[in-house]
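In what follows, residues are counted from 1 in the order of the sequence shown. Remember, it's 1-based here, ligands and their atoms both numbered in the order they're listed. Hydrogens, waters and symmetry mates are skipped; everything else that's a heavy atom, side chains included, is used. As the structure is a computational prediction, the values presented were derived from the model and not from experiment.
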Amino acid sequence: MHIVVLAGGVGGARFLRGVTAAAPGARITAVINTGDDVTLHGLRICPDLDSVMYTLGDGIDEDRGWGRRDETWTVRAELAAYGAEPTWFGLGDRDVATHLVRTRMLDAGYPLSEVTAALADRWRPGVRLLPMSDQRVGTHVVVTDPATGRTRAIHFQEWWIRHRAALDAHRFVQVGVDDARPAPGVLEELAAADAVLLAPSNPVVSIGTVLGVPGIRDAVRAAGSRVVGVSPIVGGAAVRGMADRCLPVVGVEVSAEGVGRHYGARSAGGLLDAWLVHTGDAADVPGVDVRAVPLLMTDPEATTALARAALDAARA
Ligand code: FO1
């Protein structure tokens with residue numbers, strides 16, 4: 001069986017761990033959002049690729065869902081001692097090695113997809129780890145600066161980390177997306193998939209950004225397999241992260257039904273054949289096979305059961 005999963009960071013990484021457990025013999029391709037990527041202190045950082053790579057490679061810090069287990073923060077403290085901005089970004093010492101290797105390979109001219117494969121060679125995630133694109137796409141958030149009252153665009157990471165998404169966002173802009181192409185292998189894997197899964201990642205800045213790369217949305221819609229989405233909203237709230245801060249920006253109701261309708265029914269020009277919502281959540285999504293199952297990935301068993309439910313929906 002060949003499974004393709006579109007995913008972002010923390011929630012997507014956890015879901016992928018469930019998919020590898022639920023389908024041990026399957027060939028799994030993860031197409032990961034790179035709109036969160038940022039260059040800081042001269043280092044190229046790919047948060048969602050790293051969350052997936054560390055999670056599946058068993059190096060992740062489970063509580064944070066990003067960065068390394070047993071991390072230390074000496075480099076960060078030393079940078080702060082120099083007053084080297086930004087100090088709000090959590091740069092871990094072990095994590096720095098990943099960024100150094102990645103930055104050096106990118107500077108040598110290797111595309112991100114090859115750099116990712118090289119890093120994954122150490123971590124052995126058990127899936128084919130693909131960035132959505134080899135071209136740079138940077139999610140920016142248009143906010144009104146409370147200090148000046150002026151409108152300006154800030155990088156997603158600054159909005160997310162420095163401001164905890166507390167600044168009202170007027171819109172999201174994926175800088176560079178129009179010139180981006182799907183990374184090598186993405187379209188081929190989608191065409192060959194027996195199941196295409198949309199992980200319970202942020203529908204706007206993670207899944208939305210992946211789908212925004214020219215060609216990917218159409219490839220998902222044209223996939224010969226069923227397309228199954230997993231709601232990141234449970235009981236009207238985001239499980240993790242701040243999807244509930246992002247959905248209103250694009251006019252989508254913060255509910256499983258709202259996100260399901262946002263993705264749309266494949267038979268009506270949208271993406272979904274099936275939509276998994278949390279037990280007890282109602283969701284009327286016309287044209288879509290809506291299934292209520294436990295969505296909370298509280299432990300490996302629950303996560304595997306969720307992935308199994310998604311694969312069952314793909315096989316229906
Ligand atoms: N998230 C935070 O809330 N605070 C941080 O200081 C932080 C640092 C960081 C460093 C490397 C990395 O790969 C991820 C990091 N994240 C941090 C998480 C990151 O902002 C989010 O996981 C994604 O961008 C959203 O999916």
Side-chain angles (χ1 to χ4, degrees), residues 5-16 30-57 59-77 79-80 84-103 112 115-116 119-120 123 125 129 131-132 136-141 154-167 169 172 174-175 198-210 232 238-247 297:
V5 183
L6 271 58
V10 181
R14 293 212 163 112
F15 178 70
L16 271 160
V31 179
I32 304 300
N33 167 48
T34 57
D36 293 4
D37 296 5
V38 65
T39 299
L40 296 174
H41 304 293
L43 299 175
R44 190 68 183 160
I45 296 158
C46 300
D48 287 359
L49 282 167
D50 289 351
S51 279
V52 173
M53 185 173 73
Y54 291 156
T55 297
L56 297 182
I60 195 76
D61 179 281
E62 282 294 344
D63 296 332
R64 291 194 303 266
W66 56 267
R68 292 284 305 281
R69 168 185 322 126
D70 305 327
E71 186 58 283
T72 53
W73 310 92
T74 304
V75 170
R76 179 182 190 179
L79 285 166
E85 287 299 334
T87 52
W88 46 262
F89 191 80
L91 202 57
D93 298 326
R94 293 178 186 275
D95 207 24
V96 162
T98 300
H99 311 321
L100 285 168
V101 171
R102 178 185 292 121
T103 303
L112 181 58
V115 174
T116 303
L119 293 170
W123 289 100
L129 195 50
M132 66 186 196
R136 290 191 178 185
V137 177
T139 301
H140 286 68
V141 188
I154 59 176
H155 191 281
F156 174 78
Q157 293 298 340
E158 181 171 359
W159 183 68
W160 187 262
I161 299 174
R162 185 180 191 185
H163 299 291
R164 303 309 304 157
L167 294 183
F172 296 107
Q174 271 76 25
V175 174
L198 305 187
S201 297
N202 190 310
V204 182
V205 293
S206 293
I207 302 295
T209 302
V210 175
V239 178
R240 265 187 82 100
M242 286 167 250
D244 45 359
R245 295 284 297 147
C246 300
L247 287 163
M297 300 184 280

Exercise for the section: Please examine the side chains of L79 and T87, heavy atoms only from C-beta on, and report whether any two atoms are closer than 4.5 Å. Expected result: no

Exercise for the section: Tell me which part of L91 gets within contact of ligand 1: side chain, backbone, both or neither, using heavy atoms under 4.0 Å. Expected result: neither

Handout entry: Main-chain N/O of R68 paired with R64 side-chain donor or acceptor, under 3.5 Å
Key = yes

Handout entry: R64, portion touching ligand 1 at heavy-atom distance under 4.0 Å
Key = neither

Exercise for the section: May I ask you to identify the nearest protein heavy atom to atom 13 (O) of ligand 1, giving residue, atom name and distance to one decimal place in Å? Expected result: P47 CA, 3.3 Å

Exercise for the section: For the residue pair E158 and W88, establish whether any side-chain heavy-atom pair is separated by less than 4.5 Å. Expected result: yes

Fill in the blank from the handout: ligand 1 atoms nearer than 4.0 angstrom to some heavy atom of W160 are 20 (O), 21 (C)

Handout entry: Selection from W66, Y54, W73 by shortest heavy-atom distance to atom 1 (N) of ligand 1
Key = W66

Problem - Close side-chain approach of T116 to M53, heavy-atom, < 4.5 Å - result: no

Exercise for the section: Note the single closest protein heavy atom to atom 24 (O) of ligand 1, along with its residue, its atom name and the distance in Å. Expected result: Q157 NE2, 2.7 Å

Exercise for the section: Give yes if a backbone or side-chain nitrogen or oxygen of C46 is under 3.5 Å from a nitrogen or oxygen of ligand 1, and no if not. Expected result: no

Completion exercise
The atoms of ligand 1 lying under 4.0 Å from a heavy atom of D36, numbered in the order shown, are 23 (C), 24 (O), 25 (C), 26 (O)

Problem - Sub-4.0 Å atoms of ligand 1 with respect to non-hydrogen atoms of D95 - result: 11 (C)

Practice task
Give a yes or no on whether the backbone of D93 and the side-chain of E71 come within a donor-acceptor separation of less than 3.5 Å.
Solution key: yes

Exercise for the section: Examine D50 against ligand 1 and note whether any of their N/O atoms are separated by less than 3.5 Å. Expected result: no

Practice task
Specify the protein heavy atom at minimum distance from atom 4 (N) of ligand 1: its residue, its atom name, and the distance to 0.1 Å.
Solution key: I161 CG2, 3.5 Å

Problem - Nearest atoms (heavy-atom pairs only) where V205 meets D36 - result: O-OD1, 4.1 Å

Problem - D95 side, atom CG; I45 side, atom CD1 - distance, nearest 0.5 Å - result: 7.5 Å

Handout entry: Sub-4.0 Å heavy-atom approach of R164 to ligand 1
Key = yes

Fill in the blank from the handout: Given the options T103, D37, T39, R44 meets side-chain hydrogen bond (donor to acceptor under 3.5 Å, both in side chains) only with T39

Exercise for the section: Identify, for atom 6 (O) of ligand 1, the protein heavy atom at the shortest distance, and state residue, atom and that distance. Expected result: G90 N, 2.8 Å

Fill in the blank from the handout: The closest protein heavy-atom partner of atom 26 (O) of ligand 1 is D48 OD1, 2.9 Å

Exercise for the section: Could you pull out the closest heavy-atom pair between G12 and A7, with the gap in Å? Expected result: CA-CB, 3.9 Å

